[in-house]
S.K.: 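Got a structure here, written out as structure tokens. Questions coming.
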There are 2 protein chains.
Amino acid sequence: MHRIPAPARFNRKAGIRAESESTIIAAAEQVFATYGYRGASTSMIAEQAGVSKAMIYHYFETKELLYQIVLERTHNWWGEAAELLDKFSEPVEALTAYIHRKMDMSRENYYGSKVWASEVMQGAPILQGYLETEVREWTKKQIERIRSWVRAGKIEPVEPFYLLLMIWATTQHYADFEHQIATLNGGRPLDDEQHRAAKDTVTRIILKGIGASIKSRRSKRRAKS
Amino acid sequence: MHRIPAPARFNRKAGIRAESESTIIAAAEQVFATYGYRGASTSMIAEQAGVSKAMIYHYFETKELLYQIVLERTHNWWGEAAELLDKFSEPVEALTAYIHRKMDMSRENYYGSKVWASEVMQGAPILQGYLETEVREWTKKQIERIRSWVRAGKIEPVEPFYLLLMIWATTQHYADFEHQIATLNGGRPLDDEQHRAAKDTVTRIILKGIGASIKSRRSKRRAKS
DNA sequence: GTCTATACACTGATAGAC
DNA sequence: GTCTATCAGTGTATAGAC
């Protein structure tokens, strides 16, 4: 395809297109998160986005394509957190950074997490290939890394797979079950202080639980996100 | 489309009505678990149950009523695990029994857990009343109990709410994400040995993470008054 | 109790005016 | 780019034969 870098004043149409697309994607993410793929209707997405239903089909060929794009976004979004785990060589730093980031992401945008959960509960018809390749490879790699920490005596013997599942489960729970958590919290979502306490509690229990508790106190507690 | 395994019949020798009803309920539980309330259709439930669609409406007035019954069953089923927590006065025994039971239940019937998760992701339109009364009261009570364990020096200081959420998240993850876990496990569900290892790992990390491991129980005793 | 036939709202998707 | 009108199919739910 022949792409021409156009001047800014000729990009107005492309600007409108990009804006409409992301508005629709954001709306679709919310509706898919709430009702799942089959339960979501294009009219609901259109209404949520504030556009006519025909606009959905103007920008996206089918409902399934739109769903795939939403899933792709979520997968890329979580990929960022996954990379974090590799950026630190020590278990305490790596796990702390990973857990905190995932907790923040669960709070920042819980819709993506819900769409993923819904997709997996369906049997991952769209994500299956991705699960069997990238996610599986990443998991194997992290399992080996955790094993090396055990061999180096940095953490106590632990089954790495179930440790990883525990971290995923706990951090994503704050996204997928945000409504239940808010209800039990008196009808209000966790405030900043509660969110910080939740992150600290989760991190402390896991690190201490695998014998990797923090030895030196560091005031790395800046306001994140 | 994703195929659902055949339903398990709960009744052995009961009336035709009772047997048909429980067959339909079991089928409905699977379909609701897979596609959510809106995404599930009565034809799919009928096919899964091996009866005609009209039979669904013969035994259950509406799709929503059938859904409510499925949710009610799940709620009662989990209530059994909830009671377990009160049957032991010591944190190690209570939490071990509770975690093990919830892990077993997640394996025994993950459909109920999925339906609950799906309902909550919708904003709990049906379960909201339960969440605001029974679940909230139970949670408050357990929070107080955990606080008393902290005061008695039986466990280290911990925010009880986030500990409870962690236990729920982790144990239910094995139900809600069983497909993803099986995929990462080479396409096979966790076998008996792996399930046992998962239970042990989860229990050990949590107990050790709150300073309630069996070994240190006696030495952690402190004069309180 | 079980089935087929059917009413009618809603679904995904398209055509065509502007 | 945006809208209304529309189609074929599926959705929930009911009626009535056997």
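This structure is a prediction, so every number in the text was calculated from the model and none was measured. Protein chains get the first letters and strands the later ones, always in sequence-line order, with residue 1 at the start of each.
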S.K.: In plain terms, say whether B:Glu144 and B:Lys141 are close enough for a salt bridge, that is, a side-chain N and a carboxylate O under 4.0 Å apart.
M.R.: no

S.K.: I need the NE2-P distance between A:His58 and D:dT2, as an integer number of Å.
M.R.: 7 Å

S.K.: Could you tell me the separation between the CD1 atom of A:Ile56 and the P atom of D:dT2, rounded to a whole number of Å?
M.R.: 11 Å

S.K.: Measure the distance from CD1 on A:Ile24 to P on D:dG1 and round it to the nearest whole Å.
M.R.: 10 Å

S.K.: Between A:Glu61 and B:Ala54, name the one whose nearest nucleotide on DNA chain C is closer to the 5' end.
M.R.: B:Ala54

S.K.: Does a nitrogen or oxygen in the side chain of B:Ser52 sit under 4.0 Å from OP1 or OP2 of C:dC3?
M.R.: yes

S.K.: Return the value, rounded to whole Å, for the distance between atom CZ of B:Phe32 and atom P of D:dT12.
M.R.: 9 Å

S.K.: Measuring from the side chain of B:Thr42 (C-beta onward, heavy atoms only), which nucleotide among C:dG12, C:dT2, D:dT12 has the closest atom?
M.R.: D:dT12

S.K.: C:dT2, OP1 or OP2 - any side-chain N/O from B:Ser20 closer than 4.0 Å?
M.R.: yes

S.K.: If I take atom OH in residue A:Tyr67 and atom P in nucleotide C:dA13, what distance separates them, rounded to the nearest angstrom?
M.R.: 15 Å

S.K.: Do B:Glu21 and B:Arg17 sit within salt-bridge range, that is, some charged N less than 4.0 Å from a carboxylate O?
M.R.: yes

S.K.: Contact class for A:Tyr59 (heavy atom, under 4.0 Å): base, sugar-phosphate, or nothing?
M.R.: sugar-phosphate

S.K.: Can you tell me how far C1' of C:dA13 sits from CG of A:Leu66, to the nearest Å?
M.R.: 14 Å

S.K.: If you check every side-chain atom of B:Ser43, which of C:dA13, D:dG11, D:dC3 has the closest atom?
M.R.: D:dG11

S.K.: I need the CD1-P distance between B:Ile45 and D:dT10, as an integer number of Å.
M.R.: 18 Å

S.K.: Can you establish whether the number of heavy atoms outside A:Glu47 located under 6.0 Å from its atom CD is more than 12?
M.R.: no

S.K.: Could you tell me whether the side chain of A:Lys53 has a donor or acceptor atom within less than 3.5 Å of a complementary atom in the base of C:dG12?
M.R.: yes

S.K.: Picking from D:dT2, C:dT11, D:dG11, which would you name as closest to the side chain of A:Arg38?
M.R.: D:dG11

S.K.: May I ask you to say whether B:Asp192 pairs ionically with B:Arg196, meaning some side-chain N is under 4.0 Å from a carboxylate O?
M.R.: no

S.K.: Can you tell me which nucleotide in D:dT2, D:dA13, C:dG12 comes closest to the side chain of A:Met55?
M.R.: D:dT2

S.K.: OP1, OP2 of C:dA13 versus side-chain N and O of A:Tyr57: anything below 4.0 Å?
M.R.: yes

S.K.: Give the rounded distance in Å between these two atoms: CZ of A:Phe60 and P of D:dG1.
M.R.: 12 Å

S.K.: When we call it a touch if two heavy atoms are under 4.0 Å apart, what does B:Ala40 touch: a base, just sugar-phosphate, or nothing?
M.R.: sugar-phosphate

S.K.: Go through the steps to decide whether B:His179 and A:Gln128 satisfy the test side-chain hydrogen bond (donor to acceptor under 3.5 Å, both in side chains), and finish with yes or no.
M.R.: CA-CA 10 Å; B:His179 177 85; A:Gln128 187 63 21; 2.6 Å; yes

